[in-house]
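Reminder, nothing fancy here: chain letters follow the sequence lines and each chain counts from 1. Note that this is a predicted model, so its numbers are computed, not measured.
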Amino acid sequence: MLSALGQSSLRIVSEAGDLARFTVRGFYSAVGSRRLGRRLARSVYEQGVRCVPVILIVGLFTGLVLGLQAYHTLNRFGSSALLGPLVALTLIRELAPVLAALMLVGQAGSALTAELGIQRNSEQIDALETMGIDPFGFLVAPRLLAALIVFPIMTAFFALVGLIGGWLSACILLPLAGNVYWASIDNAVKGADVSECLVKALVFGALTIALCCHNGFNAHRRTGATGARAVSASTTRAVVFSSIGVLAADYLITSLLV
Amino acid sequence: MSETATAPLLATRSLVKRFGSQVVLADVTLEVPRGRVLAIIGKSGTGKSVLLKCLAGVLPHDGGEVLFEGRPLGANAPEASGAESLAAFRRRCSYLFQGNALLDSLTAWENVALPLEQATLLPKAEIRLRVSEALHRLELETDATRYPSQMSGGMQKRLALARALVTRPEIVLFDEPTAGLDPLRRNAVFALIAHAQREFGFTAVVVTHDLPEALASCDHLALLDQGRIRFSGTPAEFAATPDPVVASFRDSPAALARDIAALRAGAALPADLG
Amino acid sequence: MQPSPVKYTRLDLAVGTFVLAGLAALVFLAVKIGGGALVAVDTTTVRARFTNLGGLAPGASVLISGVAVGQVEKVELDERYAAVATLRVRRDLKLPADTFAAIRSSGLIGDKHIALSPGSEDILLQPGELITDTESAVDLESLISRFAFGGVKDKGDGK
């Protein structure tokens, strides 16, 4: 029992080390990788452009619900003027980076894990190596770099749409005055809140996409499953660990920054 | 090293490869003569593909050495030069995977252009010329914008061959280039390998099950059996050797005819099936 | 024969639009919502003395007629143990010398802020000059106790 605990914690620590090495190598291999721009554009398309609808929809509904809940709670204290700051700060500091990251993991991260896993399975990654092409530079680097571009942008989209959602529910569906809502947001949100939001988005992006790449890239190293099963197991694991990672990292960053 | 000029282009010395406790290659010592076509034959599951992957450095080996021009090669070569010589080796070597290993998100054209664009410094015009030449040679010029998934198995094989040859390699490793092809295509692939080999003068290692085709088109044969090289020599020597394992391979068409005849006569199945 | 470039330009177009819209969203978030951290606005300071800050902290807004014009930079005590808040406000305000400063809160449990009411004098406040005409924070507890014990008409918690 004790040794099992020791073993599993040892495994977690060495996996974390492996992931860190993988990530560093992934970023580093971008140096000197040829025609990286085209692959980067494709990755931005897959992680970013294709996920815009889901981010906008989820962001809008998050804002709508926040506005609705906050209005009814604050109204009891006669402080519905605080609704704007509450919605804005919750969105910008917590919900936008976290929920955007979770949605991106679900849509883009899982897809890229499966893609890399299949490329590993069908020996495409080995083929790159035999052609003298660094598979890190070719496959991992553009995805990691795309994450650094996509995650802050998606987080900003999420936050802005969420603010609009909050305004819709509080000022259109409920009787709060629109100018009070926007003015109070303007007053309450500081530059530090926005930079906290962006720091989180960058960290979540690098963390989750590195986890997804790592799991897909090493699908063949999975014990207990081979072939298509290894791909599905890697994808599941990538999504689960990325989601846990986002929330754990969120707590860490919040406690460090606030 | 002084032996570079005389050493075989590619060789293994006491190569060992294990997967867990299972020993796949026990002790493989093999020489690939420069400018020749070597066929590696053997039963399914004897580690022919594993041997080829160890040769290419795709799989790390557990013991022994892979020598390229007399120098140890691969990630677990003893000295630090291992990685460096592996890179040099890869610039001069192509590998045709059994499953083709085409990049499925790229078109035929992009697949063939990939090794030139990514691993060489050739100008764009030269790349374009070489790619269209390679596609033309394999009769794929009308399929340049199609994706591998839109192609038949034979076309994919030809495309993989085009990609392997477009870099004008000195060594080409073929992992069952005829797997899943009809007899006509099979002959065509062997003819193509022999033809391209004459044209470019590369050294080829072909892992195959097709004994008649291999005998007809290869300069050397090596028989892998139970993790060791059981036989190595020319097709003529192959035909003459009294070794029982070689004989069983050599005579398998005749043996099949015999078994069928016996079956028709009502005998039981031969015990040594598989 | 060669791959058609159309597919890539369409992808590039989508990616380019995405990145540009994203940058616009980021800049909007940082500048408009995040309070202009990126644009340096020319500012100056004035000070205001209060008898009770009532929880006013550095970072609180400074408003004129409800419009944000600056922030509380720091709060300290003077030699007579009165609270002095340093306000960083826009330089182009041209506040008259008889400007009145009051600590207000938005809603019952809302944030404290300072509301400035510019006076009518021609002499302007100089940078760093002290506003003495102020109204301190309303002490809720004393207000409630006064209400409970019947002294509510005496509103004199002022200056």
Over 12 foreign heavy atoms within 6.0 Å of OH, A:Tyr28: no
Value rounded to 0.5 Å, distance of CG in A:Leu139 from CG in B:Leu103: 7.5 Å
Between chain A and chain B, identify all donor-acceptor pairs below 3.5 angstrom, including backbone and side-chain atoms.
unit_1, atom_1, unit_2, atom_2, d
A:Arg34, O, B:Gln118, NE2, 3.0
A:Arg34, NH1, B:Gln118, O, 2.9
A:Arg34, NH1, B:Thr120, O, 2.7
A:Arg35, NH1, B:Glu117, OE1, 3.1
A:Arg35, NH1, B:Glu117, OE2, 2.5
A:Glu123, OE2, B:Lys53, NZ, 2.5
A:Gln124, NE2, B:Leu102, O, 3.4
A:Gln124, NE2, B:Asp104, OD2, 3.0
A:Glu129, O, B:Arg90, NE, 3.2

More than 12 heavy atoms from other groups under 6.0 Å of CZ on B:Phe200: yes
Interchain contact, B:Leu102 with chain A, by part (heavy-atom threshold 4.5 Å): backbone
Heavy-atom closest pair, residues A:Ile133 and B:Ala119: CG1-CB, 4.4 Å
A:Leu128, part contacting chain B, at a heavy-atom distance under 4.5 Å: side chain
